[in-house]
Colleague: 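Dumping the structure here so I can ask a few things about it.
Residue numbers begin at 1 in each chain, while the letters A, B, ... track the order of the sequences. Keep in mind that this is a model prediction, so the values were computed, not measured.
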Protein chains: 2
Amino acid sequence: MLNQVRQVLPQLSPSEGRVAQWVLDHPKEAAGATLALVARECGTSEPTVLRFCRRVGLSGFRELGIRLTEALSHPVSYVHRDVCPDDSSSDAVLKVMDASIQSLIDMRANLSAMPIDQSVAILSKARQIAFGGLGASGHVARDACHKFFRLGIPCSTLVDTPMILQFAAIAQSSDVMVLLSHTGRWPEFATAARLATSRGATVIAITNPDSELARDASLVFPCQVIEDTSIYTPMSSRLAQLALLDALHVALALACGEPAADRLRISKDALHAQAV
Amino acid sequence: MLNQVRQVLPQLSPSEGRVAQWVLDHPKEAAGATLALVARECGTSEPTVLRFCRRVGLSGFRELGIRLTEALSHPVSYVHRDVCPDDSSSDAVLKVMDASIQSLIDMRANLSAMPIDQSVAILSKARQIAFGGLGASGHVARDACHKFFRLGIPCSTLVDTPMILQFAAIAQSSDVMVLLSHTGRWPEFATAARLATSRGATVIAITNPDSELARDASLVFPCQVIEDTSIYTPMSSRLAQLALLDALHVALALACGEPAADRLRISKDALHAQAV
DNA sequence: TTGAGCATGTAGTAAAATTACATCATTATC
DNA sequence: GATAATGATGTAATTTTACTACATGCTCAA
C-alpha cells in the first residue's frame, strides 16, 4: 500500500503530492485520521485529499484508512529488500531475516500444491531412503537423513554425483530417493531420476518445477527459486527446504503411528539422559 | 480480536448475539461495513450494533472496523500449535511450518539483543573460523562453514567433542570458534570455551543464554529453546540458527567490502558456469 | 397489577465523507 | 497578445455515517 503511494507520488499535482508525503511520513496517524484533519495537516482542502485517494486506486477516503491499518498491522512486513553495500550490519541482518521469513511464508502458502499425502504414503512403505544434494543442498540432505533415520527407516546421504548415480543404478522398487536441487539443472540428477524410476524406485524431487529433474521425478515439491539479484542474497530457499523436510518428517512419523513415535521418544531420551 | 468476540458471545443479549455471530461469520465484510449495513444484515437497529461494540471493549463502531482489518491482515497467525496424533498429514505439515515461521519471527524480534556488530568486527579480522556443533547442530555448523569459507576466510567444521576440544587447545589469539548448542549443557562445550578464551581466541556461542557455555563464551547469541512438549515438535530453533548465520554471513561480507564481494561473485559464477 | 429493570427501537444530531460547482492559474492556439 | 482550453484547487451544499437521547415494550417480582 505505502509502496503504491510512493509509486504514484511523482505523477501527482503539488497539493496531492503534499498529501501523499504526509501519509508516507505519518502512516500511523493517517490510518485513523479524518478527512478534515488530513486536509488541515497538509494545508489543503478535503476534496484534494479525496482526489489523492482516488488517484492511488482507492474508492474513497474510508478505504485509505482500511488499507493503511492493513499495511501497518503487519508490524513489519517481511518483503524482500536487497542488501546494498552501504547498509549497516543491523540493517543487513534484518533484511536477510526478512527474506528468510518471507521464503517460509511463501512455501507455506504453496503447501496445497505439494504431494504431501502421496509422499507420506510412499515413504512409510520405503525399504530405505536416500537423500541427495550437492553443495549447500548436501547439508540439507545430511540434516534430513539424520532426522528420518530416527524414525527407524534405513537412511543414507548422497552428496556427490557419483554416489547419486550409483544409488540410482542399484535402487530397488521400494527404495525412495529424495533429490534436492535449487535449479534442477544438473543433468546427472535427471539421469539418476530416470535410472531409479526405471528400476521401480520412487524419486521425490524438491526443486524448481520447470526443470528436467522435475519432469523425470515421480513426485515433485515445487520450490520457486528466488532470482538472486544481489550477490549478498543468501539461499533462503534452502531454509524453506529444511522446513519442508521437517514437516514431512513429522507427517511421516504420524502416519507410521506408535512404533515411530516410540523410536522418536527413545532417541530423544537417549540425548536428554546426558545433555544436549 | 475475533477470539474476544467469541469470548463475550454467551453473555450477550439475543440481538447483540446476532450481531456477534454475523461478525464472526463475515469478518471480511464486517471490516469494511457501515453501521446501517450491519444493522440491516442482522435484522436489528444501529444502536444495538453500537452497544455490541462497546460490550466487546471498543470505543465505537469505527474501532471495530480497524480491529477487524488488523486481525484479518494477518491472514494466518503462525502461533505454535502442537501436532497431535490424530492430525491429518496436511494439518501436521501446516502446524510444523507455522512453528518454523514463528521461531524465525521470534528470532528477528530478538536481534537487537545480539552482539552482531561485535561479532562482525571480530570475524572480519579472524585468522580462521571453526564451527562446532553436535548432532543436528553439526549440520548447521557444516552449512555455516561452507558459507563463510566462500568469503575467503579459512574455515573448518568440528562435529564431535574431541575435535572441538583439540581445536580449543591449539587456538591462537585471532582464531574464532563458533559453538552451536541448543541447550548449552554439554560440559565439553564450556570446557572448550574456557580453554580457547584462555588462549586469547574468541568464542561465539549460539545457545541458550542460561547455560554454562553462555557464561564462558566471549560473545553470546541468545537462542531460547522452545520447550518441546510434543515428541513430534521438530527442532525449529535449528532453522533460526541457520537464518542467523545467513544474516551474519551477509553482514560480514558487507563489512569486508569489495574483496569479499568479489569472492562471493566468483564462487557463484563458478557454479553458474555449469548449472546449480 | 404495578413498577423496576432490562432489551430494543425511533428519531434526532453532529460530524464526517462525498459531490457539484466555481475560481484561478497555466498553457496552447489563433 | 487575446482567448479558449485544460487542469489544479477551493467553497459550499448534500448525503452518509456514527453516535446519542429518549421512548417503547417486555419480563419478572413484590
Colleague: Choose from D:dT17, C:dG9, C:dA17 the nucleotide whose nearest atom is closest to any side-chain atom of A:Phe61.
Modeller: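 Output: C:dA17.
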Colleague: Taking OP1 and OP2 of C:dT8, is either one under 4.0 Å from a side-chain nitrogen or oxygen of B:Ser45?
Modeller: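 No.
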Colleague: Can you check whether B:Ser15 has a side-chain N or O nearer than 4.0 Å to OP1 or OP2 of C:dT8?
Modeller: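 Yes, such a contact exists.
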Colleague: Would you kindly check whether a donor in the side chain of A:Arg51 faces an acceptor in the base of D:dG7, or vice versa, at under 3.5 angstrom?
Modeller: no
Colleague: So, B:Thr207 side chain and B:Ser181 main chain: donor-acceptor pair closer than 3.5 Å or not?
Modeller: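 Yes, the answer is positive, given that a donor and an acceptor are paired below the 3.5 Å cut-off.
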Colleague: For the atom pair CG (B:Leu104) and CG (A:Asp98), what is the distance rounded to the nearest 0.5 Å?
Modeller: 10.5 Å
Colleague: Quiz question: by atom type and distance under 3.5 Å, do the side chains of A:Thr69 and B:Thr69 form a donor-acceptor pair?
Modeller: yes
Colleague: Which nucleotide in the list C:dT10, C:dT19, C:dA16 gets nearest to the side chain of A:Pro47?
Modeller: C:dT19
Colleague: Quickly work out the A:Leu12 CG to D:dA8 P distance and round it to whole Å.
Modeller: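 Taking CG of A:Leu12 and P of D:dA8, I get 10 Å after rounding.
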Colleague: Check the distance between C:dA15's P and B:Arg62's CZ and give it to me in whole angstrom.
Modeller: 12 Å
Colleague: If we ignore hydrogens and angles and just use 3.5 Å, is the side chain of B:Glu16 paired with the main-chain N or O of B:Leu12 as donor and acceptor?
Modeller: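 Checking the backbone N and O of B:Leu12 against the side chain of B:Glu16, no donor-acceptor pair under 3.5 Å is found.
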Colleague: Counting any heavy atom closer than 4.0 Å, what does A:Arg54 reach on the DNA or RNA strands: base, sugar-phosphate only, or nothing?
Modeller: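 Sugar-phosphate contact only - A:Arg54 comes under 4.0 Å of backbone atoms but never of a base.
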Colleague: Both A:Arg55 and A:Glu46 contact DNA chain D. Which one's nearest nucleotide lies toward the 5' end?
Modeller: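 Counting from the 5' end, the first nearest nucleotide belongs to A:Arg55.
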Colleague: Quickly work out the B:Glu16 CD to C:dA7 P distance and round it to whole Å.
Modeller: 7 Å
Colleague: Would you say C:dG9 has OP1 or OP2 under 4.0 Å from some side-chain N or O of B:Thr48?
Modeller: yes
Colleague: Any side-chain N or O of B:Thr44 below 4.0 angstrom from OP1/OP2 of C:dG9?
Modeller: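 Yes, such a contact exists.
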Colleague: Tell me the interatomic distance from A:Leu35, atom CG, to D:dT14, atom P, rounded to whole angstroms.
Modeller: 19 Å
Colleague: Would you tell me if any nitrogen or oxygen in the side chain of B:Ser13 comes within less than 4.0 Å of OP1 or OP2 on C:dA7?
Modeller: no
Colleague: Starting from P on D:dT17, measure out to CZ on B:Arg40 and report it in whole angstrom.
Modeller: 10 Å
Colleague: Do side-chain atoms of A:Arg18 reach the backbone of A:Thr44 as a donor and acceptor pair under 3.5 angstrom?
Modeller: no
Colleague: Grab the CG-C1' distance between A:Leu50 and D:dG10 for me, whole Å please.
Modeller: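 Computing the A:Leu50:CG to D:dG10:C1' distance gives 14 Å.
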Colleague: Rounded to the nearest angstrom, tell me the gap between atom CZ in A:Phe52 and atom C1' in C:dT18.
Modeller: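 These atoms are roughly 17 Å apart.
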